[in-house]
Structures are given as structure tokens and as C-alpha cells.
Colleague: 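Structure below; questions to follow.
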Amino acid sequence: MQIFDRLCDWQKQRQQMRVKNLFLGFVPTMGALHAGHQALMEKSQKENDHTLVSIFVNPTQFNNPKDLSSYPRQLESDLKILENTGVSYVLLPQYEEIYADNYRFRVCENSLSQKLCGAYREGHFDGVLTVVLKLLQLAQADRAYFGEKDFQQYLLISQMAQNFFLSTEICAVPTVREANGLAMSSRNNLLTQEERQKASMIYKLLQSSLSLAEIQRELEQEGFQVEYLTEWNERRFIAAYLGSVRLIDNVPLSQAMAYIEVEKSMETEQ
Ligand code: AMP
């Protein structure tokens with residue numbers, strides 16, 4: 001595994017790979033790696049000759065300075081995970097190199113980025129789209145992998161790639177969950193064991209036959225603060241705080257409906 005912390009060293013390496021006509025897959029992350037990230041890497045490894053993983057905690061996408069300072073950072077154990085997963089290349093960029101322009105140039109989308117998470121996190125998706133465009137340009141990958149856990153982010157990136165004629169194919173990977181259903185997230189590290197168990201309610205309720213209002217009531221009774229809970233584009237989306245930790249999740253409505261059907265048939269059997 002080769003580690004690059006200077007962009008020009010990576011760019012030289014990428015140039016050499018071109019001569020050999022090898023396929024490159026790219027997985028951008030903010031580190032504190034878990035099985036969700038690993039699913040993206042494994043898909044990339046299956047579909048490409050080499051995989052590049054970047055770790056960069058991107059300050060421009062954090063609208064809340066406390067969230068940025070408390071974001072888990074664990075480079076040493078991340079590097080072990082990357083080594084064990086067998087990825088070929090790791091990019092560890094510095095803020096000064098990524099934002100040599102001090103964020104003068106940015107990508108702004110003015111429709112989908114204002115809904116759901118965007119309605120509550122001002123400037124968040126500008127930060128995400130800007131850093132992802134920079135990283136995609138640096139990686140020059142054939143394919144890049146994004147998780148459905150951040151479905152709105154995946155949609156925006158996929159639409160950006162299409163509308164800026166990027167040649168990297170944007171691929172989605174289904175959400176990886178803990179055994180209790182909680183969507184894996186680096187922020188779960190900030191929850192106590194008890195809170196992790198409680199947080200699994202989100203996924204269970206999202207798929208239940210309860211109305212959105214009933215789901216919200218149940219969560220609030222258990223101490224969650226629901227930021228939004230809504231249906232859009234055939235999916236149910238939620239963002240909710242447990243203490244100071246913000247959790248998001250989403251499921252396709254067809255999945256929710258399938259559960260509703262199972263619940264109904266169990267009721268008629270009883
Ligand atoms: P992050 O490090 O949180 O910025 O995530 C990097 C990538 O991993 C993004 O494309 C996320 O959507 C994806 N990801 C994070 N958690 C999960 C998960 N539980 N399942 C699938 N993909 C995930």
C-alpha cells in the first residue's frame with residue numbers, strides 16, 4: 001500500500017498508471033473507517049485493478065464548529081484497516097493543498113441541496129460538492145463509490161458528475177448496518193453503548209407501518225430530537241439528534257411497504 005500526502009506525488013503515480021491502462025476505483029472518506037467504508041472499498045476492489053482511498057476531514061462541509069472539532073480522527077487504526085483490506089493507494093491531503101484558493105471557488109447547487117439535510121445545514125452541500133469535485137479531479141478514477149446512507153449526497157454528486165461531464169462513473173453502495181439495524185457511521189463512535197442500542201429504533205421505526213407523525217412521536221418519547229422526517233423520491237428520510245450526536249438514515253419506500261405487508265399478514269394470521 002502506497003501512502004501519498006502530497007498531491008503532486010499522487011498525480012505522478014496516476015500518470016504512470018495510465019501507461020499500463022489499469023482501471024482505478026476511488027473511495028473518498030473522512031476517516032474513522034468502519035464496515036460501511038469497507039463495503040465501498042470491497043466493491044471498488046472487485047470492479048477495478050486498483051483502489052485509491054482518500055481520508056480528508058473536509059472543514060467546508062461542517063456548518064457547526066463543534067461537530068468539526070469532535071469529529072472522530074483515528075489515522076493509525078484507519079491505516080491498519082486499509083492495509084488489511086488490501087487497497088493499493090491512500091491519499092491524505094492537507095487543507096492548504098486542497099484549498100489553496102481558500103475556498104474562493106466553490107460548487108453551488110440551488111435546488112436539491114436546499115432540501116432535507118441542506119435545509120438545516122447551511123452551506124453543507126456546497127462544501128461536499130466542492131471537495132468531491134476537487135478529489136475526483138485529483139483521482140482521475142474510472143469509478144468512484146458513495147454510500148446510500150448519505151443518499152442525498154450520492155444523488156447530488158451523481159448529478160454534478162453528469163452536468164460537469166466528468167468521466168468518472170459514480171456508483172452507489174447499499175447502507176451497511178450494525179446487527180441491530182443502526183446505520184454504521186463514524187459519528188456512532190460518539191454514542192454510549194446504551195445510546196447505540198437506542199439509536200437502532202430509527203431504522204426499525206422507518207420501516208414500520210406507523211405514520212410519519214407516529215414515528216416522530218415514538219422517537220421523541222425516547223429522547224430523540226427529530227430534525228426532519230419525510231418522504232421524498234420514493235424514500236423515507238430522517239435526521240435526528242440523540243444528545244449532541246446527529247444521526248441520519250433513509251430507506252426506500254418499497255422496503256417500508258414490504259414490512260407493512262409482512263406486519264399485516266402476521267396480524268391476519270393471529
Ligand atoms: P464519510 O467518511 O462519512 O464521509 O463517508 C465516506 C463514504 O462512505 C460516503 O460515500 C458515505 O456515504 C459512505 N458510508 C458511510 N457510512 C456508510 C454505511 N453505513 N453504509 C454504506 N456507506 C457508508
Colleague: State, yes or no, whether a side-chain contact exists between Tyr203 and Thr175 at a heavy-atom distance under 4.5 Å.
Modeller: no
Colleague: With clusters defined by side-chain heavy atoms of hydrophobic residues (ILVMFWY) lying less than 4.5 Å apart, directly or transitively, does Val245 cluster with Val226?
Modeller: yes
Colleague: Could you check whether any side-chain N or O of Gln153 sits under 3.5 Å from a backbone N or O of Phe146, counting only pairs where one atom can act as donor and the other as acceptor?
Modeller: no
Colleague: Check whether any side-chain heavy atom of Gln207 sits under 4.5 Å from a side-chain heavy atom of Lys204, and report yes or no.
Modeller: no
Colleague: Answer yes or no: are there more than 12 heavy-atom neighbours, outside Arg6 itself, under 6.0 Å from its atom CZ?
Modeller: no
Colleague: Determine whether Ile170 and Leu155 fall in the same hydrophobic cluster, where Ile, Leu, Val, Met, Phe, Trp and Tyr are linked whenever their side-chain heavy atoms lie under 4.5 Å apart.
Modeller: yes
Colleague: Once the angle between the rings of Phe4 and Trp10 is folded into 0 to 90°, is it parallel (under 30°), tilted (30 to 60°) or perpendicular (over 60°)?
Modeller: perpendicular
Colleague: OG/Ser70 to CG/Asn64 distance, rounded to the nearest 0.5 angstrom?
Modeller: 7.5 Å
Colleague: Clusters formed by hydrophobic residues whose side-chain heavy atoms approach within less than 4.5 Å: which one holds Leu79, and what are its other members?
Modeller: Met1, Ile3, Val27, Leu33, Leu40, Met41, Val53, Ile55, Leu75, Ile81, Leu82, Val87, Val90, Leu92, Tyr145, Val173
Colleague: Rounded to the nearest 0.5 Å, what separation is found between the CG atom of Leu116 and the CD atom of Glu227?
Modeller: 10.5 Å
Colleague: Taking the hydrophobic residues Ile, Leu, Val, Met, Phe, Trp and Tyr, and joining any pair whose side-chain heavy atoms are under 4.5 Å apart, which ones share a cluster with Met30?
Modeller: Val57, Phe62, Leu68, Tyr71
Colleague: Do Ile202 and Leu219 touch side chain to side chain, with heavy atoms closer than 4.5 Å?
Modeller: yes
Colleague: Heavy-atom count check: over 12 atoms from other residues, nucleotides or ligands less than 6.0 Å from Gln225 CD?
Modeller: no
Colleague: Let me confirm one number: the CZ-CG distance from Phe26 to Asn48, rounded to the nearest 0.5 Å.
Modeller: 12.5 Å
Colleague: Might you confirm whether atom OH of Tyr95 has over 12 heavy atoms from other residues, nucleotides or ligands at distances under 6.0 Å?
Modeller: yes
Colleague: Could you go through Glu148 and Arg235, starting from their C-alpha distance and side-chain angles, then the distance that decides it, and tell me whether this counts as salt bridge (Lys or Arg N to Asp or Glu O under 4.0 Å)?
Modeller: CA-CA 11 Å; Glu148 287 185 359; Arg235 291 183 98 86; 3.7 Å; yes
Colleague: So if you build clusters from Ile, Leu, Val, Met, Phe, Trp, Tyr with side-chain heavy-atom gaps below 4.5 Å, do Phe151 and Leu247 land together?
Modeller: no
Colleague: Applying ring-ring contact (aromatic ring centres under 6.0 Å, His included), which residue pairs with at least one partner in residues 100-125 are found, sequence neighbours left out?
Modeller: Tyr99-Tyr103, Tyr120-Tyr228
Colleague: Could you state the interatomic distance from CG (Leu91) to CD (Gln13), rounded to the nearest 0.5 Å?
Modeller: 11.5 Å
Colleague: To the nearest 0.5 Å, tell me how far Glu214 CD sits from Leu205 CG.
Modeller: 10.5 Å
Colleague: Okay, side chain of Arg14, backbone of Leu138: is any donor-acceptor separation there less than 3.5 Å?
Modeller: no
Colleague: Decide if atom CD of Glu122 counts as having more than 12 heavy atoms of other residues, nucleotides or ligands within a radius under 6.0 Å.
Modeller: no
Colleague: When you group the ILVMFWY residues by side-chain heavy-atom contacts below 4.5 Å and let the links chain together, are Leu135 and Leu129 in the same group?
Modeller: yes
Colleague: Mind checking the CG-CG spacing from Leu206 to Leu212? Nearest 0.5 Å is all I need.
Modeller: 9.0 Å
Colleague: If you apply the rule side-chain hydrogen bond (donor to acceptor under 3.5 Å, both in side chains), what do you find for Gln216 with Glu220, and how did you get there?
Modeller: CA-CA 6 Å; Gln216 175 149 356; Glu220 284 173 353; 2.9 Å; yes
Colleague: Taking the side chain as every heavy atom from C-beta outward, state whether Arg121 and Asp67 have any atom pair closer than 4.5 Å.
Modeller: yes
Colleague: Out of curiosity, does Ile248 fall in the hydrophobic cluster containing Tyr241 (side-chain heavy atoms, cut-off under 4.5 Å, transitive links)?
Modeller: no
